[in-house]
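Heads up: the structure comes next, in structure tokens.
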Amino acid sequence: ITTQENVATFKRQIKMLGLSYDWSREINTTDPNYYRWTQWIFLKIYNAWYDPQLHKARPISELLIPSGLIGREKYEFIQKHRLAYLSEMPVNWCAELGTVLANEEVGEWVEKGYTVERRMMKQWMLRITAYAERLEKDLNDVDWPPGIIEMQKNWIGRSEGVEAYFPLCDSKSKISVFTTRSDTMFGATYLVLAPEHPLVDLVTTSEYRIVVDEYRSQSKRKSELERTSLDKEKTGVFTGGYAINPATKKSIPIWIADYVLLTYGTGAIMAVPGHDERDYDFAKKFSLPIVEVVSGGNISQAAFLEDGVGVNSANDEISLDGLPTSEAKKKMTKWLEFKQVGKHSVKYKLRDWLFSRQRYWGEPFPLIYLEDGTVKALPEDKLPVLLPDVESYKPSGSGESVLATIDSWVNTVDPETGKPARRETHTMPQWAGSCWYYLRYLDPSNKTEFLSREKERYWMPIDLYMGGAEHAVLHLLYARFWHKVLYDLGYVSTIEPFRKLVNQGTILGEDGQKMSKSRGNVVNPDDVIKEYGADSMRLFEMFMGPLEDTKPWSTRGVEGVHRFLNRVWRMIVNEDGSLHESIKDMPLTGDQERLLHQTIKKVTHDVESLDFNTAISQMMIFVNEFLNLETKPRKAMETFVLLLSPFAPHIAEELWGKLGYPRTLAYEPWPQYDELKTAVDTLEMVIQVNGKVRSKLAVPFDIDDEELKKIVFADENIKRHLNGKQILKIVIVKNKLISLVVK
RNA sequence: GCUGAAGUGGCGAAACUGGCAGACGCGCUGGACUCAAAAUCCAGUCCGGCUCACCCCGGGUGUGGGUUCAACUCCCAUCUUCAGCACCA
């Protein structure tokens with residue numbers, strides 16, 4: 001109900017502004033006719049696996065299952081390979097609220113006195129990490145702002161290194177660590193595990209158990225941001241356990257510390273305090289040994305040298321002595337692989353996508369649980385799985401969605417066997433619907449397919465995707481991921497969905513703050529349109545500044561463009577509403593023709609490059625020039641109205657009518673300019689002496705250099721500044737300036 | 001903290017590839033019109049200096065350096081602000 005009300009308001013406002021959307025393509029992600037296809041795409045993802053050999057997703061039916069596997073083992077094997085899978089994941093759990101919180105919400109509730117802790121919860125995950133390499137590589141072929149590409153690449157965070165195994169002293173197990181600096185392994189003097197690391201229990205000795213457990217429960221209460229901040233004091237405790245450094249063969253202590261995250265790498269690191277700042281700080285604080293292995297480093301600065309000049313480290317089997325870092329890394333990696341204590345590895349910062357929510361709203365998963373606890377996907381003909389009507393959509397408090405409390409909805413049957421089954425009660429995040437809406441626009445009312453192949457071929461890819469900069473990483477990555485899965489499975493034909501991307505900036509309140517109800521600085525378009533009209537509102541939004549900039553609203557500014565539109569009106573229309581008597585069928589003067597063609601050129605180019613603010617400036621210059629003329633060439637007025645029409649369509653249509661055209665201007669061709677007619681025949685040349693502007697002279701266009709010098713040296717001002725000094729150099733920039741260097 | 005972006009008059013901004021800093025608009029000042037006001041029109045408006053009328057001179061694009069005949073633009077350092085940081089979407 002609330003969504004429908006919001007949609008109605010947005011539509012009314014969009015129509016009021018005269019934005020020319022094709023409403024026959026309207027979609028709504030909360031409409032079952034839409035979200036049945038969101039569920040359908042989920043099924044495609046669920047019923048697919050990633051083939052690392054072919055580097056693409058394939059239907060799960062094409063997964064080669066080891067011959068020995070049957071029954072439950074076979075099921076587990078398949079589940080493990082799906083692109084959607086269940087996993088225990090840490091979430092911010094607030095018991096009083098009975099719900100999971102976003103990182104950004106945690107601080108707010110803790111301040112109010114609620115307790116929030118990290119708790120493991122079974123969640124649906126999407127295997128976006130399988131696509132990490134392609135998501136990064138394919139960014140090279142899109143026309144996006146370089147900053148956004150950079151952010152995405154850093155988010156994906158590819159790093160190359162080794163995974164090395166440190167055997168435990170008191171057990172057969174070993175700890176895997178990931179490092180990009182295998183050459184420093186001789187300097188690894190201790191290991192650090194994330195507090196949630198599964199091996200913590202095993203390595204912790206009885207005498208340290210209490211301290212370790214205490215530390216683990218403390219770190220549960222910290223957010224990830226708090227844990228990894230470099231400016232915060234590092235904390236950690238010893239577990240009592242030891243492991244063997246495969247390079248030095250020495251036993252080294254195992255610690256846990258919350259600056260190590262379970263979600264990155266292997267959740268464990270080898271600490272090299274001689275060459276890493278964080279390790280150095282940590283070792284200093286807890287008096288752990290520090291060994292310098294890369295010469296040229298400076299321990300007091302804890303320099304992590306990328307280009308160390310040589311390595312002093314050796315054991316009986318391998319020596320890295322004297323090798324530069326890059327060589328040392330290669331040699332070390334080979335040795336680790338040969339000894340089977342490590343392997344070359346590429347890790348990404350990117351994590352799999354936690355895709356389930358415990359909320360009422362959101363698309364239900366088209367999945368059921370059978371009596372034996374196994375998961376089963378519903379067949380496509382059972383879609384959509386509708387949300388039930390509820391009295392209240394407050395969380396159940398148990399951590400489950402409110403859906404879990406509705407027995408009539410939860411209890412169902414396996415459509416194949418007729419046996420009892422329970423529905424998945426988690427729902428999808430709001431991202432799901434927005435991951436593919438651009439595809440549905442192409443074929444919004446298709447009842448049998450999510451998108452017809454023909455229409456997909458005709459329209460895709462998207463020429464220009466405009467959205468807020470806040471989507472730089474998440475939405476744009478999620479949508480690209482879904483698109484690539486659909487591509488692999490043969491449902492779309494392009495590897496990337498969005499060819500060109502532009503981020504429009506946020507319009508702030510008049511006080512320069514983000515608009516919000518609580519601040520009371522929200523500008524309602526309804527009020528603005530009522531006061532100044534839709535054209536003024538549109539025009540001002542475009543005139544405020546560059547499209548991509550964040551900039552504050554200004555009511556004065558709207559008045560400014562409103563005045564401009566009034567001037568445009570008075571330029572063409574008399575007070576009694578008739579066509580202005582100054583408008584005549586007459587040729588343009590040379591100056592008028594130049595200004596007209598310059599204006600056509602500027603507006604045309606600026607529209608193409610989305611520089612609307614400067615296009616409007618040029619139109620203002622045009623009007624300032626023509627407004628009060630005794631006689632105005634009709635041709636100039638008509639052309640101007642056409643240029644103005646995309647910016648202020650309502651007034652432009654009215655003026656077009658006043659100019660005697662009974663039909664809309666919408667189908668008129670866009671004005672063309674003649675480059676020759678934009679040119680001036682004389683221009684102002686700037687004359688600099690020692691880098692300072694000393695004079696300006698009117699000279700003919702494309703004046704000859706010798707001719708120019710003659711005029712310049714004759715200039716009184718210049719003569720005074722030269723004053724018999726020696727001329728060392730003369731720089732001439734054609735049709736711009738001449739620069740004299742004197743001594 | 002990490003990643004990315006941005007800092008230019010009183011304000012929003014412009015300046016295309018290194019070539020006159022401040023176009024255009026707002027605001028402000030003065031004037032015209034009016035009994036008066038609104039609206040509109042005209043003139044002025046980066047800061048400072050002068051024999052501040054015309055000229056002319058000095059300084060100026062967050063800060064400190066550098067490259068260059070010439071720097072808002074390029075390089076190094078630094079400060080500040082904004083966006084994102086995976087359950088706001």
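Below, chain A is the first sequence line, B the second, and so on; all start at residue 1.
- The residue A/Arg357 sits close to a base: some heavy atom pair falls under 4.0 Å.
- Of the C1' atoms belonging to B/C42 and B/G18, the separation is 39 Å, rounded to the nearest Å.
- Among B/U3, B/G27, B/A14, the nucleotide with an atom closest to any side-chain atom of A/Pro546 is B/A14.
- Closest to the A/Gln358 side chain, of the nucleotides B/C87, B/C69, B/G84, is B/C87.
- Here A/Arg351 does not reach the OP1 or OP2 of B/A86: none of its side-chain N or O atoms lies under 4.0 Å away.
- Counting non-hydrogen atoms under 4.0 angstrom, A/Leu354 reaches a base of the nucleic acid.
- Not one side-chain nitrogen or oxygen of A/Asn154 sits closer than 4.0 Å to the OP1 or OP2 atom of B/C2.
- Nearest nucleotide to the side chain of A/Val733, out of B/A14, B/C24, B/G19: B/G19.
- Atom pair A/Asn503:CG and B/A83:P shows a separation of 14 Å (rounding to whole Å applied).
- Within 6.0 Å of atom CD in A/Glu88, more than 12 heavy atoms from other residues, nucleotides or ligands are found, so the atom counts as buried in its surroundings.
- Annotation: B/U73 and B/G19 have their P atoms spaced 11 Å apart (nearest Å).
- Across all strands shown, A/Arg359 has heavy atoms under 4.0 Å from base atoms, whether or not it also approaches the sugar-phosphate.
- Residue contacts for A/Leu737: at a heavy-atom cut-off of 4.0 Å it reaches a base atom on one of the strands shown.
- Side-chain nitrogen and oxygen atoms of A/Arg694 include none within less than 4.0 Å of the OP1 or OP2 phosphate oxygen of B/C56.
- Here, B/G84 and B/G31 have their P atoms 50 Å apart, quoted to the whole Å.
- A/Leu474 comes within 4.0 angstrom of a base, heavy atoms only.
- Residues A/Gln358 and A/Glu400 share a closest heavy-atom pair of CB-C, 4.0 Å.
- Taking side-chain N and O atoms only, A/Arg563 has a distance below 4.0 Å to OP1 or OP2 of B/C26.
- Between A/Ser219 and A/Arg118, the closest heavy-atom pair is O-CG, 4.4 Å.
- For B/C41, the OP1/OP2 oxygens have a side-chain nitrogen or oxygen of A/Arg567 closer than 4.0 Å.
- Rounded to whole Å, atom P of B/A13 lies 14 Å from atom CG of A/Asp611.
- Closest contact between the side chain of A/Met544 and the listed nucleotides B/A21, B/G12, B/C69 involves B/G12.
- The interatomic distance linking A/Leu697 (CG) with B/C20 (P) rounds to 16 Å, in whole Å.
- Counting to the nearest Å, the P atom of B/A23 and the CD atom of A/Glu625 are 16 Å from each other.
- In this structure, A/Val712 and A/Ile730 have side chains that are not in contact, with every pair of non-hydrogen atoms separated by 4.5 Å or more.
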Report summary line: Each base of RNA chain B marked ( ) or [ ] if paired in-strand (Watson-Crick or G-U under 3.5 Å), | if paired to another strand and . if unpaired gives (((((((..(((......[....)))((((((.......))))))((((......))))..(((((..]....))))))))))))....

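- Looking at heavy-atom distances under 4.0 Å, A/Lys349 makes contact with a base.
- Applying the 3.5 Å distance criterion, the base of B/C24 shares no donor-acceptor pair with the side chain of A/Gln618.
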Query raised in the report: Passes side-chain contact (heavy atoms from CB on, under 4.5 Å), A/Phe622 versus A/Leu643? Steps please.
Result: CA-CA 11 Å; A/Phe622 179 95; A/Leu643 292 178; over 6 Å; no

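- Protein atom CG of A/Asp549 is 8 Å distant from nucleotide atom P of B/G7, rounded to whole Å.
- No contact: A/Pro145 has no heavy atom under 4.0 Å from any strand.
- A/Leu627 comes within 4.0 angstrom of the backbone, heavy atoms only, and of no base.
- Looking at heavy-atom distances under 4.0 Å, A/Leu728 makes no contact with the nucleic acid at all.
- Distance alone, capped at 3.5 Å, is enough to place a donor-acceptor pair between the A/Asn521 side chain and the A/Lys514 backbone.
- Among the nucleotides B/A86, B/C24, B/G12, the one closest to any side-chain atom of A/Lys551 is B/G12.
- The base of B/C20 sits with one of its N or O atoms less than 3.5 Å from a complementary donor or acceptor on the side chain of A/Lys696.
- A centroid separation of less than 6.0 Å is found between the aromatic rings of A/Tyr259 and A/Phe282.
- Here the side chain of A/Trp431 is nearest to one of B/C87, B/A89, B/C20, namely B/A89.
- Closest approach to the A/Ile621 side chain among B/A14, B/C24, B/C87 is made by B/C24 (side chain taken as heavy atoms from C-beta onward).
- Ring pair A/Tyr465/A/Tyr437 is tilted by interplanar angle, where 30° to 60° counts as tilted.
- Applying ring pair (Phe, Tyr, Trp, His ring centres under 6.0 Å) to A/Tyr478 and the options A/Trp431, A/Tyr131, A/Trp436 leaves one that passes, A/Trp431.
- Glycosidic conformation, B/G9: syn, with the torsion inside 90° of 0.
- Contact between the side-chain N/O atoms of A/Asn103 and the OP1/OP2 oxygens of B/A86 is found at a separation under 4.0 Å.
- At a threshold of 4.0 angstrom between heavy atoms, the contacts of A/Val686 include nucleobase atoms, whether or not backbone atoms are also involved.
- With rounding to the nearest 0.5 Å, the separation of CH2 in A/Trp553 from CD1 in A/Ile507 is 7.5 Å.
- The residue A/Gln688 sits close to a base: some heavy atom pair falls under 4.0 Å.
- Within the nucleic acid shown, A/Gln123 comes within 4.0 Å of at least one base atom, counting heavy atoms only.
- The distance between atom CD1 of A/Ile156 and atom C1' of B/C2, rounded to the nearest whole Å, is 16 Å.
- Looking at heavy-atom distances under 4.0 Å, A/Asn566 makes no contact with the nucleic acid at all.
- A distance-only check finds no donor-acceptor pair linking the side chain of A/His426 to the backbone of A/Ser356 [under 3.5 Å].
- OP1 or OP2 of B/G59 lies within a sub-4.0 Å distance of a side-chain N or O belonging to A/Lys692.
- With RNA chain B read from its 5' end, the first of the two nearest nucleotides for A/Asn628 and A/Phe355 is the one closest to A/Asn628.
- For the pair A/Ser434 and A/Asn690, both in contact range of RNA chain B, the more 5′-proximal nearest nucleotide belongs to A/Asn690.
- Note on A/Asn624: only backbone sugar-phosphate atoms sit closer than 4.0 angstrom, heavy atoms only; bases stay farther off.
- Between the P atoms of B/G4 and B/A77, the separation comes to 14 Å (whole Å).
- Nucleotides B/G49 and B/G60 are separated by 15 Å at their C1' atoms, to the nearest Å.
- Atom CD of A/Glu548 is separated from atom C1' of B/A5 by 10 Å (rounded to the nearest Å).
- If you take atom P in B/A32 and the same atom in B/G10, they sit 30 Å apart, rounded to whole Å.
- Atom name P, nucleotides B/C35 and B/U45: the rounded distance is 32 Å, in whole Å.
- Rounded to the nearest Å, the gap between the P atom of B/A15 and that of B/A70 is 25 Å.
- In this structure, the ring of A/Phe498 has its center less than 6.0 angstrom from the ring center of A/Tyr438.
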